[in-house]
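Some notes on the structure that comes next.
Along the sequence shown, the residues carry numbers beginning at 1.
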Amino acid sequence: MKRVLLCITFLLSAAFLSAVTFKETWGYVMADRYTEFKADMPITDLCFFGAEINCYGELIEPKNFEKLPQEYKGRKHLVAVCDSTALSHFVIDSKYGITNKLITSLVKAAEKYDGLQIDFELIPKKDMKNFHMFMKILRKKLGKKKMLSVCVPARLKDITDDVYDYAKLSEYVDRVFIMAYDEHWSTSAPGPIAGMEWSMKILEYAKSKIPEEKLVFGIPFYGRSWQNEGYGKAWYRSGIERIKKENKIKEKSINRKDGIPYFKFDKKITVTAYYDDTESILLRCKKIKEKEVNKIGFWRIGQEDPEVWGKITVE
């Protein structure tokens, strides 16, 4: 009986680890870590991260594009990044005279790529119409020969006046990349970067808003850890006194350097870490395939369990 159970367990494990096939696989490579990408990885669309926007609204193109493996035959996309609320407003509100200049720069920068991706993650809610107009104009200026895609945060339901309205943005782009991660983040309680149930709810919502041919579902390669106590920050004086009391710091243990007091103590902490390995990634991929979604993306190349590349194939 024991041998039979072991055999069944082995067969289930083998089935679980079988390869998953997609029509498109999108992967991100950092400009300063380009060597982490290998041409034989099963990636159909390589996203080069990224072109940044400076405080003047000027596009700063990334270096090392030419150093990517020349034997790679898939599509290459330039990712334009803006991670500032104030700067996002400045560059997409046409009253500042920057929008058209930026769009012209984006179109020019995209000339040596197959596509352009917009990753503006901190757009103020009041700029919803400005962003939608920005994408509409960019679509027209870029033309149909270049693929245009946009990154959007995870959504579980409709949000009033949503800057990242899935259905609306789908009108202007060829692909909508769902960033289905950060369910738990650095300052939240510990938990999965993207829980399975949470991810599937996002996927169901995305499917209801985005045409199948445009939907790319992004999953995380990275992990995150939390500790139950943290002391690496600024403190009120009252906080310092509390720490001294809690850790039984005696006055005789306090030293001074140039007249400034300091103390040290040892503390045992508990660290909780959540991450994805090949098994969990494949389980996630299988669940996505079961929902009849055939385009998947990975954030990001270099963070993964290397074994995963032997388990993902492209049609």
Side-chain angles (χ1 to χ4, degrees), residues 20-28 43-47 49 74-75 77-82 88 92 110 114-123 125 127-140 142-144 146-183 193-220 284-300 312 314-315:
V20 187
T21 302
F22 291 94
K23 288 183 179 178
E24 291 181 10
T25 51
W26 291 57
Y28 291 79
I43 295 294
T44 62
D45 291 80
L46 182 65
C47 299
F49 195 94
R75 292 181 295 224
H77 304 258
L78 174 64
V79 182
V81 183
C82 188
S88 295
I92 65 175
D114 300 292
L116 173 68
Q117 183 171 97
I118 300 300
D119 183 11
F120 292 8
E121 298 182 21
L122 295 175
I123 299 172
K125 191 172 183 177
D127 278 309
M128 178 190 70
K129 291 183 179 179
N130 287 331
F131 183 55
H132 294 172
M133 180 58 67
F134 176 85
M135 294 302 298
K136 183 177 181 179
I137 296 172
L138 180 58
R139 167 79 283 173
K140 182 178 180 180
L142 191 65
K144 293 296 184 179
K146 299 287 184 180
M147 182 177 284
L148 178 62
S149 58
V150 63
C151 290
V152 295
R155 291 284 187 262
L156 295 170
K157 60 182 180 181
D158 290 345
I159 297 177
T160 303
D161 298 328
D162 191 2
V163 170
Y164 303 101
D165 185 309
Y166 287 7
K168 188 66 177 178
L169 290 174
S170 295
E171 298 177 13
Y172 311 126
V173 301
D174 301 291
R175 299 290 186 274
V176 179
F177 187 97
I178 310 295
M179 297 182 291
Y181 27 82
D182 280 344
E183 177 186 9
I193 304 300
M196 293 295 179
E197 183 178 353
W198 180 80
S199 297
M200 292 306 104
K201 288 180 179 179
I202 292 167
L203 184 56
E204 287 290 356
Y205 175 75
K207 285 183 62 181
S208 73
K209 299 293 180 179
I210 304 169
E212 186 277 332
E213 69 273 12
K214 295 187 176 185
L215 173 58
V216 182
F217 198 70
I219 67 172
R284 196 182 300 278
C285 288
K286 288 176 184 288
K287 287 181 176 290
I288 292 169
K289 282 285 290 187
E290 288 170 0
K291 298 292 185 180
E292 299 182 339
V293 172
N294 289 299
K295 299 178 181 68
I296 195 169
F298 309 106
W299 177 265
R300 63 172 173 80
I312 295 175
V314 180
E315 291 181 358

Given side chains that start at C-beta, do those of [X] and [Y] come closer than 4.5 Å, heavy atoms only?
X    : Y    : answer
M179 : E121 : yes
I296 : V20  : no
F134 : D127 : no
Y172 : V150 : no
D45  : D114 : no
Y164 : I159 : no
F177 : Y28  : yes
W299 : D182 : no

I'd like to know if the side chain of [X] reaches the main chain of [Y], judged simply by a donor and an acceptor atom lying under 3.5 Å from each other, with no hydrogens or angles considered.
X    : Y    : answer
T44  : G74  : no
H132 : V163 : yes
K146 : L116 : no
K287 : S199 : no
D174 : S149 : no

If you measure from [atom1] on [X] to [atom2] on [Y], what distance do you get to the nearest 0.5 Å?
X    : Y    : atom1 : atom2 : value
M200 : K207 : CE    : NZ    : 10.5 Å
S170 : L215 : OG    : CG    : 8.5 Å
I92  : I118 : CD1   : CD1   : 10.5 Å
M133 : K136 : CE    : NZ    : 5.0 Å
K214 : E171 : NZ    : CD    : 8.0 Å
E315 : T25  : CD    : OG1   : 11.0 Å

Which atom names give the shortest non-hydrogen contact between [X] and [Y], and what distance separates them?
X    : Y    : value
A180 : A154 : CA-CB, 4.3 Å
C285 : I312 : SG-CD1, 4.5 Å
V216 : G297 : CG1-N, 3.9 Å
C47  : V79  : CB-CG2, 3.6 Å

side-chain hydrogen bond (donor to acceptor under 3.5 Å, both in side chains) partners of [X], counting only residues at least two apart:
X    : answer
K129 : none
E24  : W26, R75, R175
D119 : none
K289 : N294

If you count the non-hydrogen atoms of other residues, nucleotides and ligands that lie under 6.0 Å from CD in E292, is the total more than 12? no

Are more than 12 heavy atoms from other residues, nucleotides or ligands located less than 6.0 Å from atom NZ of K144? no

Residues forming a ring-ring contact (aromatic ring centres under 6.0 Å, His included) with F22, sequence neighbours excluded: none

Tell me every residue that passes ring-ring contact (aromatic ring centres under 6.0 Å, His included) with Y205, counting only those two or more places apart in sequence or in another chain. Y166

Carboxylate-amine/guanidinium proximity below 4.0 Å for D162 and K168: no

Salt bridge or not for E197 and K201, using N-O below 4.0 Å? yes

Take E212 and K295 through the side-chain contact (heavy atoms from CB on, under 4.5 Å) test and state the conclusion after the steps. CA-CA 9 Å; E212 186 277 332; K295 299 178 181 68; 4.1 Å; yes

